[in-house]
There are 2 protein chains.
Amino acid sequence: MNAKKAEKISKALGDPNRLIIIQEIRKKGDPLYCCDIDNVLNLAQPSICHHMKLLTDTEIVISEKQGRNVRYTLNDKLLDEYIDFLKCLKKD
Amino acid sequence: MNAKKAEKISKALGDPNRLIIIQEIRKKGDPLYCCDIDNVLNLAQPSICHHMKLLTDTEIVISEKQGRNVRYTLNDKLLDEYIDFLKCLKKD
DNA sequence: TTTATATATTTAAATATTTCGATACATTTT
DNA sequence: AAAATGTATCGAAATATTTAAATATATAAA
């Protein structure tokens, strides 16, 4: 992973609401719908939508349209690549 | 590490200049002075200072005053804790 | 096919971040 | 003690991010 990508992911993770969203996806066992987040976050629907867009744009969260819902899952592979980037920042 | 701390670190890493600074500290073998960064970054001195403050506030970078210079090193321990936090976001 | 539900987009305001010039402070050198 | 050097702070402008109201779109249910 290059620095630009790591920067984007860091930025995506650098917000309290988005961290809660990610933890919620993780907690739910994975597949989670947009509306599930309404219950956890004290935000208007467009705000949640904005955060979801940010997370899916970086691909750290993957979205799949399912009927009129959207199903979200964590991109474990990309998370691993991000972790590897961070490990490289330490001594070899 | 709690989410609040992880958020701060993510935010600190979510900037191209700060990532360059961190990579530069890493590249240099570790101890690096503030003025070393002038050569790498196209930023005014107060801007660099601002970024260094942000990085040291989160403790991801450690500063030690040495004469009229400041010596910077990476906090590998905290980086590890951050990595552990990220690992917990994945499936157990 | 009208109505209801879930999500997305647009627009605008509030807030936060980034940047730099001016200046201050601390230490070292002369 | 004065000058030089390295870093920090203040204040302000430019830019980016976060938020929500209004509205749009897409699918499902009635």
Just one of B:Asp84, B:Leu78, B:Leu86, B:Asp80 clears the side chain to side chain contact (heavy atoms under 4.5 Å, CB included) bar with B:Tyr82, so which one? B:Leu86

Pick the closest DNA chain D nucleotide for A:Gly67 and for A:Gln45 by heavy atoms, then say which residue is nearer the 5' end. A:Gln45

To the nearest angstrom, how far is [X] atom [atom1] from [N] atom [atom2]?
X: B:Lys65; N: C:dA26; atom1: NZ; atom2: P; result: 8 Å
X: A:Asp38; N: C:dA8; atom1: CG; atom2: P; result: 12 Å
X: B:Leu55; N: D:dA8; atom1: CG; atom2: P; result: 12 Å
X: A:Glu7; N: C:dT17; atom1: CD; atom2: P; result: 15 Å
X: A:Leu41; N: D:dT19; atom1: CG; atom2: P; result: 8 Å
X: B:Gln66; N: D:dT7; atom1: CD; atom2: C1'; result: 14 Å
X: A:Met52; N: D:dT18; atom1: CE; atom2: P; result: 14 Å
X: B:His51; N: C:dT17; atom1: NE2; atom2: P; result: 12 Å

Which nucleotide sits closest to the side chain of [X]: [options]?
X: A:Ser47; options: C:dC20, D:dT19, C:dT18; answer: D:dT19
X: A:Pro46; options: C:dT7, C:dT9, C:dT17; answer: C:dT9
X: B:Cys49; options: D:dT19, C:dT19, D:dT7; answer: D:dT7
X: B:His50; options: C:dC20, C:dT18, C:dT7; answer: C:dT18
X: B:Leu43; options: D:dT17, C:dT18, C:dC20; answer: C:dC20
X: A:Arg68; options: C:dT18, C:dT5, C:dT10; answer: C:dT5

Does B:Leu54 reach a base, just sugar-phosphate, or nothing at all? Heavy atoms under 4.0 Å. sugar-phosphate

Report which part of the nucleic acid A:Ile48 touches: base, sugar-phosphate, or nothing (heavy-atom distance under 4.0 Å, all strands). nothing

Is it the case that over 12 heavy atoms from other parts of the model lie below 6.0 angstrom from the NZ atom of A:Lys5? yes

Flag if over 12 foreign heavy atoms under 6.0 Å of CG, B:Asn42: no

For D:dT19, take OP1 and OP2 only and decide whether either is under 4.0 Å from a side-chain N or O of A:Asn17. yes

Phosphate contact (C:dT28 OP1 or OP2) by B:Asn69 side-chain N/O below 4.0 Å: no

NZ-OG1 distance between B:Lys8 and B:Thr58, expressed to the nearest 0.5 angstrom: 10.0 Å

Taking the basic N atoms (NZ, or NE/NH1/NH2) and the acidic carboxylate oxygens, is any pair closer than 4.0 Å for A:Lys77 and A:Glu81? yes

